[in-house]
Amino acid sequence: MELIQNTPDLSAYLAADEVIDHTHPLVRETAARLARQAVDSYDYARLAFEFVRDAIPHSQDSGDLRVTWRASDVLEQGTGICYAKAHALAALLRAEDIPTALCYQRFDVVHGLVAVRFNGAWHRQDPRGNKPGVDAQFSLDGERLAFTPDPKSNEMDCPVLYAEPHPAVLSALQAAPDRPYLWKTLPTAL
């Protein structure tokens with residue numbers, strides 16, 4: 001699958017905004033802590049991925065009813081669904097000048113991931129969090145995502161790389177008072 005940037009301007013994939021708030025002190029502190037452990041930008045990207053995947057539980061898996069959507073809130077509250085965890089990872093990567101896009105897969109509902117740019121190519125990563133049957137790994141050499149779409153079931157990888165969260169995703173997150181409500185309003189298409 002060919003990944004397609006929704007904007008040709010690569011700097012858009014480094015930008016901070018209300019959601020990917022990588023100028024927030026907590027995001028900067030977390031990025032600096034991870035960067036001290038890294039030998040290079042590839043190692044930093046892997047460490048940031050593993051931190052978000054492993055240290056921030058997926059709220060459905062942990063039973064946490066809170067809904068987070070802003071990267072700094074995900075880090076502060078230590079919870080989020082796939083979209084929120086993707087926002088946190090994007091912020092941590094962009095904080096260290098690694099171009100990062102948000103991207104999606106479609107199953108019964110839309111699933112969120114990120115893509116990082118290294119060596120002139122985009123590489124999708126899924127920080128959702130592992131559990132029995134899910135083994136997502138950081139990889140620049142072939143995808144190791146949490147889920148593989150089944151085209152026979154009308155599932156698909158969406159090829160567009162977004163510089164900002166898709167509006168349908170963001171409005172569902174922002175409107176949800178809790179995760180059970182969110183589960184009823186998750187986008188099924190983009």
Side-chain angles (χ1 to χ4, degrees), residues 1 3-7 13 17-22 27 48-49 51-94 100-116 122 124-137 143-190:
M1 174 182 63
L3 299 173
I4 305 161
Q5 293 177 207
N6 77 324
T7 176
Y13 299 95
D17 59 26
E18 180 185 22
V19 179
I20 303 172
D21 57 342
H22 66 73
V27 177
F49 168 85
F51 172 78
V52 173
R53 182 195 65 193
D54 300 341
I56 299 171
H58 188 285
S59 59
Q60 174 71 20
D61 296 348
S62 67
D64 196 320
L65 300 180
R66 295 174 292 171
V67 174
T68 53
W69 53 270
R70 182 178 291 118
S72 57
D73 292 340
V74 173
L75 296 176
E76 179 184 6
Q77 295 181 39
T79 191
I81 66 165
C82 61
Y83 312 127
K85 291 182 67 155
H87 299 164
L89 180 55
L92 290 172
L93 294 170
R94 289 181 184 186
T100 307
L102 299 168
C103 47
Y104 304 92
Q105 295 175 308
R106 189 184 73 216
F107 298 97
D108 290 337
V109 294
V110 173
H111 175 62
L113 356 134
V114 303
V116 295
W122 289 100
R124 294 189 310 161
Q125 312 294 328
D126 191 342
R128 181 228 178 268
N130 290 337
K131 63 180 186 173
V134 175
D135 184 29
Q137 301 294 325
E143 293 184 337
R144 300 278 312 273
L145 305 177
F147 309 110
T148 303
D150 177 8
K152 293 176 187 167
S153 298
N154 204 28
E155 298 173 348
M156 67 177 284
D157 286 309
C158 303
V160 178
L161 301 173
Y162 295 90
E164 300 171 344
H166 191 281
V169 167
L170 188 55
S171 75
L173 289 169
Q174 290 176 326
D178 57 32
R179 190 177 36 77
Y181 180 90
L182 176 63
W183 244 236
K184 297 175 193 170
T185 61
L186 288 172
T188 57
L190 297 178

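All values derive from a computational prediction rather than experimental measurement. Count residues from 1 along the sequence.
- At a threshold of 4.5 Å between non-hydrogen side-chain atoms, the residues E18 and R70 count as touching.
- At least one side-chain heavy atom of I81 sits under 4.5 Å from a side-chain heavy atom of L173.
- In this structure a side-chain-to-backbone donor-acceptor pair under 3.5 Å is missing from Q125 to F49.
- Without hydrogens or angle criteria, R53 side chain to N130 main chain gives no donor-acceptor distance under 3.5 Å.
- The 12-atom threshold is exceeded at CG of D150, counting heavy atoms of other residues, nucleotides or ligands nearer than 6.0 Å.
- Y83 is listed as a side-chain neighbour of P187, based on a closest heavy-atom distance under 4.5 Å.
- For the pair H87 and D21, the minimum side-chain heavy-atom distance is 4.5 Å or more.
- The CG atom of L113 sits 10.0 Å away from atom CG of L161, with the distance rounded to the nearest 0.5 Å.
- For Y181, the OH atom is loosely surrounded, since the number of other residues' heavy atoms within 6.0 Å does not exceed 12.
- We find the OG-CG distance between S153 and D108 to be 8.5 Å, quoted to the nearest 0.5 Å.
- Partner D126 forms a side-chain hydrogen bond (donor to acceptor under 3.5 Å, both in side chains) with one of H111, R144, Q137 and no other, that one being H111.
- Side chain of H58 to main chain of R128: no donor-acceptor pair is present (N/O by atom type, distance under 3.5 Å, no hydrogens or angles).
- The side-chain heavy atoms of P180 and D178, taken from C-beta on, include a pair separated by under 4.5 Å.
- When atom types are taken as modelled, the side chain of R94 and the backbone of T100 share a donor-acceptor pair closer than 3.5 angstrom.
- One finds the CG atom of D64 at 12.0 Å from the CD1 atom of I56 (value rounded to the nearest 0.5 Å).
- Between M1 atom CE and M156 atom CE the span is 8.5 Å, to the nearest 0.5 Å.
- Taking CG of L190 as the reference point, atom OH of Y162 lies at 5.5 Å (rounded to 0.5 Å).
- Counting only distance, with no hydrogens or angles, the side chain of S59 and the backbone of T79 share no donor-acceptor pair below 3.5 Å.
- Closest approach of T148 and E155 over heavy atoms only: O-OE1, 4.1 Å.
- L92 places a side-chain heavy atom less than 4.5 Å from the side chain of V27.
- Atoms CG and CG, from L102 and L89 in turn, are 9.5 Å apart once rounded to the nearest 0.5 Å.
- Across every non-hydrogen atom of A71 and A91, the tightest pair is CB-CB, 3.5 Å.
- Judged by the 6.0 Å and 45° rule, R124 forms no cation-pi pair with W122.
- Taking both residues in full, the closest heavy atoms of G112 and C82 are given as N-SG, 3.3 Å, listed atom of the first, atom of the second, then distance.
- Here the closest heavy-atom approach between residue I20 and residue A163 is recorded as CD1-O, 4.2 Å.
- For the pair T7/Y13, a side-chain contact is recorded, criterion being any heavy-atom separation below 4.5 Å from C-beta on.
- Of all heavy-atom pairs between V110 and A189, the closest is CG2-N, 3.7 Å.
- Closest heavy-atom contact between V52 and P127: CG1-CB, 3.9 Å.
- Within the 4.5 Å cutoff, the side chain of L145 has heavy atoms near those of the Q105 side chain.
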